[in-house]
A.B. asks: 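Structure in structure tokens, see below.
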Amino acid sequence: MTSNPLNRHSRIAAAVLLVFQLPAMAQQSAATPAPLERVVVTGSNIKRISAETALPVQVLSREDISATGAMNLTQLLEVLTNNDRSAISDLGGANSWASGASSISLRNLGTGGTLVLVNGRRIASFGFADGLKLNFTNTDSIPSAIIERVEILKDGASAIYGSEAIGGVVNIITRRNFQGGVVSAFNKQSLKNSVLDNEQNAALTYGYGDLATQGFNVYGHVELFKRHNYKDREIRGLLPDWFIAFNPDRDQQSTGSFPGNYVGRYPSNFPDPALRGQRISAAAPGCKAENLRDGLCWYDYWKDSDARPGTERMLLLAGGRLRLSDDHQLYFEANASRIEPKYYTSIPRSNVTGNELTWYDSIKGELQRFVDPQLPAGHPNNPYSFPIGLNYRFVDHPDMFKNESPNEDYRVLAGLEGSFRGWDYDMAAGLMGSRAAQQQRLYRDRFGYTEAIVSGEYKFGQQNPRALLDKMFPEMGSNGRYKQAFVDLKASGSIGRLPGGEVMMAAGAELRREDFFHRSSDNVLAARIVQFSGVSLSGDRSTAAVFSEVELPVSKQLKLTAALRGDKDLDGFGAVTPKLSAAFRPNEQLLLRGTVTQGFRAPSLPETGNGGASWFNYGLEDPKRCAIADKMWEILDKGTATDKQLANRVYSSGCDHTAPTRVSPNPELKPEYSNSITAGIVLQPTRELTVSLDYYKIDRKDEISLRSLAKILEAEDQNPGLVTRGAVSADDIEAARRVKELSGQTLAFSAGPIQGLANRYANLTRTKVSGIDLDLRSRWSLGSLGRLDAGLEANYQIDYRDWNMDDNRFNQSYVGYRGTPRLRAVTKLGWSKGSWRVGARINYSSRTALAWGAEDTGNYLAGCKTRGIDAAECLHIKQTTTTDLSFSYSGIKNLTLMGNLYNAFNQQRPAEYRAGTALPLWGRVLRVGAEYRF
């Protein structure tokens, strides 16, 4: 049945229409507003009476947070429509250099373009760098149950906060002056299958003292979170047919099994002439009958690996205030976290294909090679009279094969704030830090593995001692640490008057000392771990900053604000960033606002420090060899079987080559800069209704990246030392000789094969984005029927482009392609009366193309046609609309009951006709819990 396009958006349209029809039904409130104290709004250092500024700031209140049902801060930030969801997530941490952490990216500018604060100040960066490059805030380490509100500045603010505040600022405001206790507990799980979305959290907060009457207050908070894992095989029956059609490996099993399969050939001199050269492929004795098929023993490797990893978190926060006088207060804050994610992986198997495994020795700078040993003649598990391979799965201790990524962080600070001679001041000093580890068992030790197999110490088909497996597959990984000490001071006050009111000014300074290291384990750096290259990065710096801000009420209608900040690495970069904003209010119902600002991101410590990292690059096309290799292949491929093998080797050495790259920091990097503008309008046609519409445009330049390997090879002669080559090989010489014999042509390589490349971070690329934010909020009194809240939050992307270094131009816009929907919107409805509150959130994401961009030709029209995919399914992944419901009841003394039903109408994930998609496991999810005060 064909759906009516009008019905696709019916729930959103009805909700929005309701918002605009309510003024005719609502009753006007005549209550006199209470006097407001001076407050600091995110994006400004000036304390002011009015919280409304020229800045586009979105505020999530405690009610808003409760309505989302988020179990932690990362889940809460995912509901933001300007969160592009491209940042690192601990759900995929097994394959990450910064496993065990999550972050946020606003405006498609990545973790390096979004600043996260707690109570207006920075918190520790994670102990690992994202992509071995970017220091970032781990949002999983910030407690959520004690949040008072979240303020999201949808604008650059480097002139206020310094580095990273390019695409926006997320400021987490925690509760203060807490009295008494509150305990809460929640359980969440899928109604589709109990193993899905199985999470629990619990929190306890207790405070003592009243700042107003007793002159002090202290509080403490502890928060626990647990997410249960589930295996890939557990959810096979939940996967739709379209997913299996494009990911058929989900139904496959492996011949790398227990007790294994013999693989090889009878030698050419075998006594029985009939068997000479014959292929051997046979199950080893002892294979269970249910695992035997076609004479081979099979193994279901999907039952071992996590489809969703588990984690446990303990988050702590404490604070206190002491009133010294009516004008001065001492305060302190302390937070800490301990997070323990576990990623269970597939159990390792032997590699008996005879193919050479290669990796890079980070210390010696040499290519390493390893070939799995065969079972020698006479080995207890070798029934043949010659060496044989055994395709085997090491199932002795399945639980040992996992990636554990424990991490912890802390921040302690003490400060003094108050007012002096009409100026508000705030000064503080503190320490913060983070440690992270990656402890993994999966990869072979080249010596321990070989010795255990060749000597017969490892008994195939039996359960061997754990100590032996530890020698063959030792713990390896890396450790990281970040530390910062800081002191800051700021003050704001009136410096005069203009026709519109007081001229307010803020000024301040900061001093920070940071250091960071990320180092692989010794066995990795010694190149003992097969196919695992290492990293050793370190760096430190001291940074000073001064800043000022002035607010000029030019008239009752026009207010201008200017800010300027200077940051200086005492041994390196410097950055000066200005900001100008304007707010014009011709009447009470209309506000016009806009900002022009410059932002920056300081080069990170991994980008500018010491050491380096290495990894492999595949599919390299060598401009000095590929043309010759291609011609040789055409000639040799017409020869004998031996010629054909030589043809493939020669072709790979020039046109499809594999070589390591050594990446080094660069202390001469300059900051990334951005220029951004916002222009918006705020309408308040009634006391109950506020609508804001803001346009933004950001152009980030001098982005730090690595040079294109194609460009490095193309300019090899102009930049000596970046490409390391070996001598023309024996294979090269033999290929030239054989080509001459077959064709009479003289073809020869003038350069040997690539052995390695050197790369270094540089200011190379750019990104530009633009779009529109809509924020509609309303609150209506319905008299005896209660109160109705309604709103709409939306982000409409106009443009998003990154830089093509090879062609020196911007790429085509990614908006409308997979992962970058043009429109994301959330319609919010809430009704409350007395002890009851119910709500709904309608989440909408517009359709996209199947391809991630114009260069994704395999998922564009021609590629789809080749794969037999209908053009309509290729051009569009369908839009999604899901509805989440919430309720709370507080009619029992000191007790509040709460619940959320996510995806209430059981919307299924749209089909994506390609391989490698995320698991389509959407369904209804229920969260229930309670909060008790004492």
Side-chain angles (χ1 to χ4, degrees), residues 95 249 351 353-361 365-372 530-533 614-663 706-717 719 722-739 742-743 745 747-759 804-807 852-853 855-860 862-863 866-867 914-916:
N95 299 314
D249 58 321
N351 174 46
T353 62
N355 292 334
E356 188 176 66
L357 304 177
T358 56
W359 73 104
Y360 195 63
D361 185 330
E366 297 174 351
L367 189 65
Q368 302 295 305
R369 295 176 170 84
F370 179 84
V371 177
D372 262 42
V530 177
Q531 282 195 303
F532 206 91
S533 298
S614 60
W615 51 73
F616 259 88
N617 303 281
Y618 299 90
L620 293 175
E621 184 175 305
D622 187 345
K624 289 192 174 182
R625 290 173 60 92
C626 186
I628 296 295
D630 193 37
K631 292 178 181 179
M632 286 185 169
W633 181 88
E634 289 184 2
I635 297 169
L636 293 171
D637 192 56
K638 298 173 183 178
T640 66
T642 301
D643 292 333
K644 292 177 185 293
Q645 292 178 350
L646 179 60
N648 289 333
R649 293 199 303 272
V650 169
Y651 180 84
S652 294
S653 74
C655 304
D656 190 19
H657 192 54
T658 299
T661 294
R662 168 77 174 178
V663 177
L706 295 171
R707 291 178 175 85
S708 160
L709 297 183
K711 284 292 186 182
I712 289 177
L713 291 171
E714 183 181 303
E716 176 181 350
D717 295 336
N719 299 285
L722 296 184
V723 180
T724 302
R725 292 184 179 273
V728 174
S729 69
D731 247 13
D732 295 342
I733 296 171
E734 172 60 19
R737 185 190 66 80
R738 187 62 179 144
V739 164
L742 291 173
S743 68
Q745 296 185 46
L747 296 175
F749 290 111
S750 60
I754 300 168
Q755 291 187 329
L757 299 98
N759 212 337
N804 187 316
M805 287 188 286
D806 291 334
D807 297 335
W852 56 257
E855 296 179 12
D856 185 6
T857 55
N859 291 307
Y860 216 64
T866 300
R867 294 189 291 135
R914 64 181 184 90

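Just so you know, these numbers come straight off a predicted model, no measurement behind them.
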A.B. asks: Flag yes if more than 12 heavy atoms outside Lys638 fall under 6.0 Å of its NZ atom; otherwise flag no.
C.D. replies: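 Open.
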A.B. asks: Does anything in residues 645-659 pair up under salt bridge (charged side-chain N to carboxylate O under 4.0 Å, His left out), and if so which pairs, sequence neighbours excluded?
C.D. replies: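 Every salt bridge (charged side-chain N to carboxylate O under 4.0 Å, His left out) pair that includes a residue of residues 645-659, provided the two are not neighbours, is Arg649-Asp731.
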A.B. asks: How many angstroms lie between atom CG of Leu620 and atom CG of Leu757, to the nearest 0.5 angstrom?
C.D. replies: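 With rounding to 0.5 Å, CG (Leu620) is 6.5 Å from CG (Leu757).
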A.B. asks: Return the minimal non-hydrogen interatomic distance between Asp806 and Ser708, and the atom names on each side.
C.D. replies: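 In this case the closest contact between Asp806 and Ser708 is OD1-OG, 2.6 Å.
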A.B. asks: Kindly compute the distance separating CD1 (Ile628) from OG (Ser653), expressed to the nearest 0.5 Å.
C.D. replies: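 Atom-to-atom, Ile628:CD1 and Ser653:OG are 11.5 Å apart.
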A.B. asks: Shortest non-hydrogen contact from Phe370 to Trp359?
C.D. replies: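 Here Phe370 and Trp359 meet closest at CB-CZ3, 3.6 Å.
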A.B. asks: Sequence neighbours excluded, which residues qualify as side-chain hydrogen bond (donor to acceptor under 3.5 Å, both in side chains) partners of Ser729?
C.D. replies: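 Once residues adjacent in sequence are excluded, the partners of Ser729 under the side-chain hydrogen bond (donor to acceptor under 3.5 Å, both in side chains) criterion are Asp732.
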A.B. asks: Might you point out which heavy atoms bring Asn648 and Trp633 nearest each other, and give the distance in Å?
C.D. replies: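 Minimum heavy-atom contact is OD1-NE1, 3.3 Å.
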A.B. asks: Between the side chain of His657 and the main-chain N/O of Asp622, is any donor-acceptor distance below 3.5 Å?
C.D. replies: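 Not at all, since once roles are kept as given, no pair shorter than 3.5 Å links the two residues.
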A.B. asks: To the nearest 0.5 Å, how far apart are OG1 in Thr642 and CD in Glu734?
C.D. replies: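 Answer rounded to 0.5 Å: 9.5 Å.
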A.B. asks: Would you say the side chain of Ile635 lies within less than 4.5 Å of the side chain of Leu747, judging by non-hydrogen atoms?
C.D. replies: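 Of all side-chain heavy-atom pairs linking Ile635 with Leu747, at least one is under 4.5 Å.
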A.B. asks: For Glu634, is there an ion pair with Lys631 - N to carboxylate O distance below 4.0 angstrom?
C.D. replies: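 Glu634 and Lys631: not salt-bridged.
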A.B. asks: Would you name the heavy atoms of Asn759 and Arg707 that are closest together and state the gap between them?
C.D. replies: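 Heavy-atom minimum between the residues: ND2-O, 3.0 Å.
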A.B. asks: Hey, are Arg914 and Asp856 close enough for a salt bridge, meaning a charged N less than 4.0 Å from a carboxylate O?
C.D. replies: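 Looking at Asp856 together with Arg914, the answer is no, because their closest N to O distance does not fall below 4.0 Å.
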A.B. asks: When rounded to the nearest 0.5 angstrom, what distance separates CZ in Arg737 from CG in Leu742?
C.D. replies: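 Rounded to the nearest 0.5 Å, the CZ-CG separation comes to 9.0 Å.
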A.B. asks: Where is the tightest heavy-atom contact between Glu621 and Leu713, given as atom of each residue plus distance?
C.D. replies: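 Looking at all heavy atoms of both residues, the closest pair is O-CD1, 3.7 Å.
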A.B. asks: On a heavy-atom basis, which atom in Ala629 and which in Gly654 lie closest, and how many Å separate them?
C.D. replies: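 Where Ala629 meets Gly654 most closely, the heavy atoms are CB-CA, 4.2 Å.
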